[in-house]
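All values reported here derive from a predicted model rather than from experimental measurement. We use all heavy atoms of the structure for the numbers below, so side chains are in, but hydrogens, waters and symmetry mates are not. Per chain, numbering begins at 1; letters A, B, ... match sequence-line order.
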Protein chains: 2
Amino acid sequence: MDALTINEAAETTGWSPRMLRYVERVGLLEPKRSAAGYRLYGPAELQRLRTLRELLDEHDIGLSDLAFALRLRRDEELRRATDAWFEAEAQRPAGVPSDDWLSFEQHKHEKLLAALARRIPTPTPETV
Amino acid sequence: MDALTINEAAETTGWSPRMLRYVERVGLLEPKRSAAGYRLYGPAELQRLRTLRELLDEHDIGLSDLAFALRLRRDEELRRATDAWFEAEAQRPAGVPSDDWLSFEQHKHEKLLAALARRIPTPTPETV
DNA sequence: CAAACCTTGACACAACTCTGTCAAGGTGCC
DNA sequence: GGCACCTTGACAGAGTTGTGTCAAGGTTTG
């Protein structure tokens, strides 16, 4: 059974046991548990933990940033709202009079929603 | 000319002048400047500021979260790296032996890159 | 059964986020 | 020219993130 307990996993990934629990707490990586509740890290989790460290170090980002990115992929409405906000860059077309601003925005939202609807609902890549 | 100075903008958007400067500092909204360096908020900026407050309040997120979302859309490499990490959910297909894990990952990266290349490089929605 | 693990919970502390306020100095306008 | 505004910079304080350490108690196994 190739699954390590938290201290062993810490050893081979460079994270501290404390941080492995923290990474789990912020929702980024939740290992399986033994019957008694021990955390069990498989090869996939170990690889992911190493990659995670690289990701954080190379781009100078924090766990909270990744946690937000996770929220973005999980919460459809949040993603729509933030996308809409960024899309509404302050480059309102010169020809559009101020009064039409709102309807202009509305139109943009419609386009965004249409684009979202076109996406595959959920890939669910079943274990082959 | 419909452009407000920082205190006026604060008045009509509900942000404090201090926070308007902070929002600018984290890169989320940079108003134009007068010749003397005064911040000038146009109608578009004012609307964006109100929408920003809504966005933060309704989803209980912070400016730093939005700042990271901005990094994600600006920094192609960062987006690729985070997407790749999330894509590599710990559901490694059972059939793949451990030794092939790395090449499996590599393959996934290739697919991701191909998907990215297929995208429109930059929408650049020219002023109609 | 005792040693060496594991669990959760808590205290602690540096660094950062968010927000206010105040100081020193430039700008606009009557 | 003076008052009301703007600028940047700094100090400050509450709250969050990231991290260590320690305590009280369950698990595994020689």
task = Before giving the answer on side-chain hydrogen bond (donor to acceptor under 3.5 Å, both in side chains), spell out for B/Thr5 and B/Glu8 the whole-Å C-alpha distance, their side-chain angles and the decisive distance to 0.1 Å.
result = CA-CA 5 Å; B/Thr5 58; B/Glu8 298 165 333; 3.2 Å; yes

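Distance B/Leu40 CG to D/dT7 P: 9 Å, rounded to the nearest Å. Regarding A/Arg39, its CZ atom lies at a distance of 14 Å from the C1' atom of D/dG26, rounded to whole Å. When rounded to the nearest whole Å, the span between CG of A/Leu4 and P of C/dC5 equals 14 Å. For the pair B/Arg25 CZ and C/dC18 P, the interatomic distance rounds to 12 Å; values are reported in whole Å. Separating the CD1 atom of A/Ile6 from the C1' atom of C/dT7 is a distance of 9 Å, rounded to the nearest angstrom. B/Glu30 places its CD atom 16 Å from the C1' atom of D/dT7, with the value rounded to the nearest Å.
Residue A/Arg33 is in sugar-phosphate contact alone, with no base atom involved, counting any heavy-atom pair closer than 4.0 Å across all strands shown.
Taking every heavy atom of residues 8-20 of chain A and every atom of DNA chain D, pairs under 4.0 Å involve A/Ser16, A/Arg18, A/Met19, by number. Interface residues of residues 58-71 of chain B facing DNA chain C, ordered by number: B/Gly62, B/Leu63, B/Ser64; criterion, heavy-atom separation under 4.0 Å.
Surrounding CZ of A/Arg74 are at most 12 heavy atoms belonging to other residues, nucleotides or ligands under 6.0 Å away.
Judged by distance alone with a 3.5 Å cut-off, no donor-acceptor contact links the side chain of A/Tyr22 to the base of D/dG20.
Nearest to the side-chain atoms of A/Tyr38 among the listed nucleotides D/dT27, C/dT8, C/dT27 stands D/dT27.
Screening residues 16-31 of chain A for side-chain hydrogen bond (donor to acceptor under 3.5 Å, both in side chains), with sequence neighbours left out, gives A/Glu24-A/Arg33, A/Glu24-A/Arg39.
Residues A/Ala35 and A/Val26 both approach DNA chain D. Their nearest nucleotides, taken by heavy-atom distance, put A/Val26 toward the 5′ side.
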